[in-house]
Visitor: 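Dropping the structure in here first, questions after.
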Amino acid sequence: MQTSELELRHSAVGQTERSDIAYNQAINEPEIRPPASYFRQVAGRFAKHRLALFGLAVTVLLVLTGILAPLLTPHSPNAVTAAFSAAPSSDHWLGTDQVGRDVLSRLIAASRVSIVVGFSTVGLYVVFGTMVGMISAYVGGWLDMIVMRVTDMFMAFPFLMVILVVVSAIGASLNTIIIVLALFSWPAVARLVRSSVLSLKQLDYIKAGRSLGYSAPRIWFRHLMPNAIGPIIVNATFGVASAIMSEAGLSFLGMGVQPPTASWGNMLSDAQSLTVLTDQPWLWVPAGTMLLITVLAINFVGDGLRDALDPKS
Amino acid sequence: MLPYLIRRLVISVPVLLGISIISFVIMKLAPGNPVDMLIDPNTPPELLQAKKEMLGLNSPFAVQYWRWLSGLLHGQLGYSFSSYAPVAHIIGERIGPTILLAFTALLTGLLISIPLGIASAIRHNTAFDHTMTGFAFVGLSIPPFFLGLGLIYLFTLKVHWLPTGGMSTLGEAGGFGDTIRHLILPAAVLAVGIVGKKIRYIRASMLDVLGQEYLRTARAKGVRESFVIYKHAFRNALLPILTVFGTEIPVLLGGSILVEQIFQWPGIGQLTMQSILSRDYPTLMALNLVAAIVVMISNLLTDILYSIADPRIQYR
């Protein structure tokens, strides 16, 4: 950014010696390409990261599958359509489960659960954590002290353990999982945002904004946010992957999405018997593989974004 | 350093109090209680009331909390609602296996990820480095329960090398070798997660050192390349690497719930699941508190290790 501004200024100096016509031409047909926008720069760096592009493609595909799930399932995911534990056939590509439901349909329906949990959990806690972190750092003083002690408290709970306890206490459902996962995830974002705002608020442009009498929300959203957004986006991307993984873990332990609703976690949980493990791989391999692919793809995207947003690293 | 430590410990008291209040509120949010769950529906209601009175379930929230807290200050963690044994005794029985599992996993993770991460940094941007990055991503993205089931399938059901679960073979004397055989699979699942997360971190830390001027100086002096890497670079990269393993302890504690469940490992994780299913509040409260203390101690330990590893970092 800085070098291109310098170039612009140099060319402006050169142009004063030209005739008016030439000057007008230079204005109309600028020889210097305008500096690429921040977004373009980031997108350009991201595009060079092959694994990240691949991850993005897979993620988009999965999100589309999740959205279009009701149209894509060959059978109703919760209906008993054939003999139970039937091996894969032309009608049931991935066979049927212990109750006789089509495994492929359940796999597709479950992708929706994962996508919903992943994105809404992260949406919820990133917005909340960002607000808390920004206000805490901007206001400072005793408010900052209290907020930091509260984040200490939430972060000292061992994640999976406390989530299991809370979910079992208030009852497992899709909504409670999302809320509880968000409840114990926001402190990390708040700390991240707080530390970048603490250093940003010492900079002259924020002081200038304050002395110009800008309102606090204006400074927060127009001046601080755009400069603190990079790490938040990276954190949020990895957050989607870990929320999906946590939901699967909870469902695997029977404290997540409740049957008959399909989730990759509870599909795997049904496979804990030795007969299923040995003789009926279609009951546990597909769900685990989908989970692995999803989490892997999103982590690739996160890695690409980290490299793209922070060229220094 | 000492004033800093004292301040940290003082701050941790209100945090622990807050944690205990939050956990207590959570327990009280739960519908139903152990008395309703355990007793025959034909029991007369007066008896149920008496039982609840005995367990202290009828008192107001603040009174119940205060009773628990003063018990704690007297070294009393209360009695389990399901087995009526002292909670401290139950946890004491279960903590050994979890520590054994967690430390085996941590040590294995360390011994695998450090050489791989360093080799990755030395040969950065080669096929080897890219392969390692691929492995790292798979390691951190594979769900532990899927990996666990896969390993049971491979090593138990296909080749019959290792047992499916538990900590010792039933009906046999057990012994050291037997425990080790039971330990391999669950420790491997936890170690894969650690290796996945740490390879890239170690690689970055080593790359950082490799770019330092003093390495160029060493090379310019004519020091052999192997010496430059192992004497000059490795030693400087090692300490920051070691400190990050402190942050893994809380993660292992959470991860042990899933792994212990799959492999029926008789530790804290399995106890947590059992207590959740039987609504055993005193045990869950104690588990939460113990876990929170472990997390806080490992965080403090990490910070202290950082300042030892890098004297430029000073805490005041």
Side-chain angles (χ1 to χ4, degrees), chain A residues 51 55 148-171 180 238 241-242 244-246 248-250 252-255 264-265 268-269 271-272 274 276-279 281 284-285 287-300 303 313, chain B residues 11-12 14-19 21-23 25-31 130 133-134 137-138 140-147 149-150 152-153 156-158 164 200 204 250-258 261-262 268-269 272-273 275-277 279 284 287-288 291-296 299:
Chain A
L51 278 178
M148 282 306 104
R149 290 295 81 78
V150 173
T151 58
D152 275 347
M153 256 177 240
F154 276 95
M155 287 169 94
F157 282 110
F159 192 71
L160 193 62
M161 189 187 261
V162 72
I163 282 173
L164 270 170
V165 174
V166 180
V167 168
S168 73
I170 57 181
V180 173
F238 288 122
S242 75
I244 289 176
M245 192 89 112
S246 302
L250 287 175
F252 179 78
L253 292 172
M255 290 290 160
W264 292 333
L268 268 170
S269 149
Q272 271 173 297
L274 294 185
V276 170
L277 271 182
T278 3
D279 302 327
W284 62 281
V285 175
T289 311
M290 282 311 291
L291 207 47
L292 172 61
I293 292 173
T294 308
V295 174
L296 196 60
I298 298 171
N299 279 335
F300 279 147
D303 194 52
S313 69
Chain B
I11 287 176
S12 66
V15 171
L16 281 174
L17 268 180
I19 287 170
I21 293 175
I22 295 175
S23 336
V25 172
I26 294 167
M27 308 289 161
K28 294 295 142 189
L29 281 177
H130 294 312
T133 303
F137 268 101
V138 173
L140 72 94
S141 305
I142 194 162
F145 38 93
F146 182 47
L147 180 62
L149 292 177
I152 291 180
Y153 176 76
T156 307
L157 304 175
K158 283 285 140 180
T164 47
R200 303 208 75 215
V251 182
L252 280 169
L253 211 60
S256 71
I257 297 180
L258 280 164
Q261 192 68 14
I262 298 167
I268 293 289
T272 308
M273 276 315 289
S275 311
I276 285 172
L277 293 175
R279 298 191 189 284
L284 282 176
L287 281 172
N288 256 336
I293 292 171
V294 170
V295 173
M296 292 176 83
N299 286 348

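Computed over heavy atoms, backbone and side chain alike; hydrogens, waters and symmetry mates excluded. Here is the naming used below: chain letters follow the sequence lines, and residue numbers restart at 1 for every chain.
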Visitor: Work out which heavy atom in B:L287 is nearest to a heavy atom in A:M161; give both atom names and the distance.
Guide: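 Between these two residues, the closest heavy atoms are O-SD, 4.2 Å.
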Visitor: Between B:S12, B:S275, B:G18, B:S141, which residue shows the highest count of heavy-atom pairs closer than 4.5 Å to chain A?
Guide: B:S141
Visitor: Among B:L284, B:L147, B:V251, B:I11, which residue has the highest count of heavy-atom pairs closer than 4.5 Å to chain A?
Guide: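 Of the candidates given, the most pairs with chain A belong to B:I11.
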Visitor: For chain A, which candidate among B:L157, B:I22, B:L16 shows the most heavy-atom pairs at distances under 4.5 Å?
Guide: B:L157
Visitor: Is A:T289 close to B:F146 at the side-chain level, that is, under 4.5 Å between some pair of heavy atoms?
Guide: yes
Visitor: Can you sort out the partners of B:F145 under side-chain contact (heavy atoms from CB on, under 4.5 Å), two or more places apart, ordered by chain and number?
Guide: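 Residues passing side-chain contact (heavy atoms from CB on, under 4.5 Å) with B:F145: A:A248, A:F252, A:L268, A:L291, B:P143, B:L258, B:I262.
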Visitor: Can you find a heavy atom in the side chain of A:F157 that is under 4.5 Å from one in the side chain of B:V295?
Guide: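 When only atoms from C-beta onward are counted, B:V295 and A:F157 do not touch, as no gap falls below 4.5 Å.
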Visitor: Using heavy-atom distances under 4.5 Å, tell me whether B:I152 contacts chain A through its side chain, its backbone, both, or neither.
Guide: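 Just the side chain, heavy atoms under 4.5 Å.
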Visitor: Below 4.5 Å from any heavy atom of chain B, which atoms of A:M255 appear? Answer side chain, backbone, both or neither.
Guide: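 Just its side chain gets close to chain B.
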Visitor: Where do B:L140 and A:M245 come nearest, in terms of heavy atoms and distance?
Guide: O-CE, 3.8 Å
Visitor: Which one, A:I163, A:L296, A:I298, A:D152, leads in non-hydrogen pairs under 4.5 Å with chain B?
Guide: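 Top option by heavy-atom pairs under 4.5 Å: A:L296.
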Visitor: Atom CG in A:L51, atom CZ in B:F137: separation rounded to 0.5 Å?
Guide: 7.5 Å
Visitor: Just how far is it from atom CG of A:L253 to atom CD of B:Q261, taken to the nearest 0.5 Å?
Guide: 6.0 Å
Visitor: Is B:I142 close to chain A through its backbone or its side chain, or both, or neither, when contacts mean heavy atoms under 4.5 Å?
Guide: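 For B:I142, heavy atoms of backbone and side chain both lie under 4.5 Å from chain A.
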Visitor: Any side-chain heavy-atom pair from B:R200 and A:D303 closer than 4.5 angstrom?
Guide: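 Result yes, sub-4.5 Å side-chain heavy-atom pair found.
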Visitor: Give the member of A:I293, A:V285, A:N299 that has the highest number of heavy-atom pairs under 4.5 Å with chain B.
Guide: A:N299
Visitor: Need one label for B:V138: side chain, backbone, both or neither, based on atoms under 4.5 Å from any heavy atom in chain A.
Guide: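 Contact with chain A involves both backbone and side-chain atoms of B:V138.
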Visitor: Distance check, rounded to the nearest 0.5 Å: B:L17 atom CG versus A:M153 atom CE?
Guide: 8.5 Å
Visitor: Please flag which part of B:I268 lies under 4.5 Å from any non-hydrogen atom of chain A: side chain, backbone, both or neither.
Guide: side chain
Visitor: Could you have a look at A:L160, A:T294, A:V150 and say which one has the most heavy-atom pairs with chain B under 4.5 angstrom?
Guide: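 Of A:L160, A:T294, A:V150, A:L160 has the most heavy-atom pairs under 4.5 Å with chain B.
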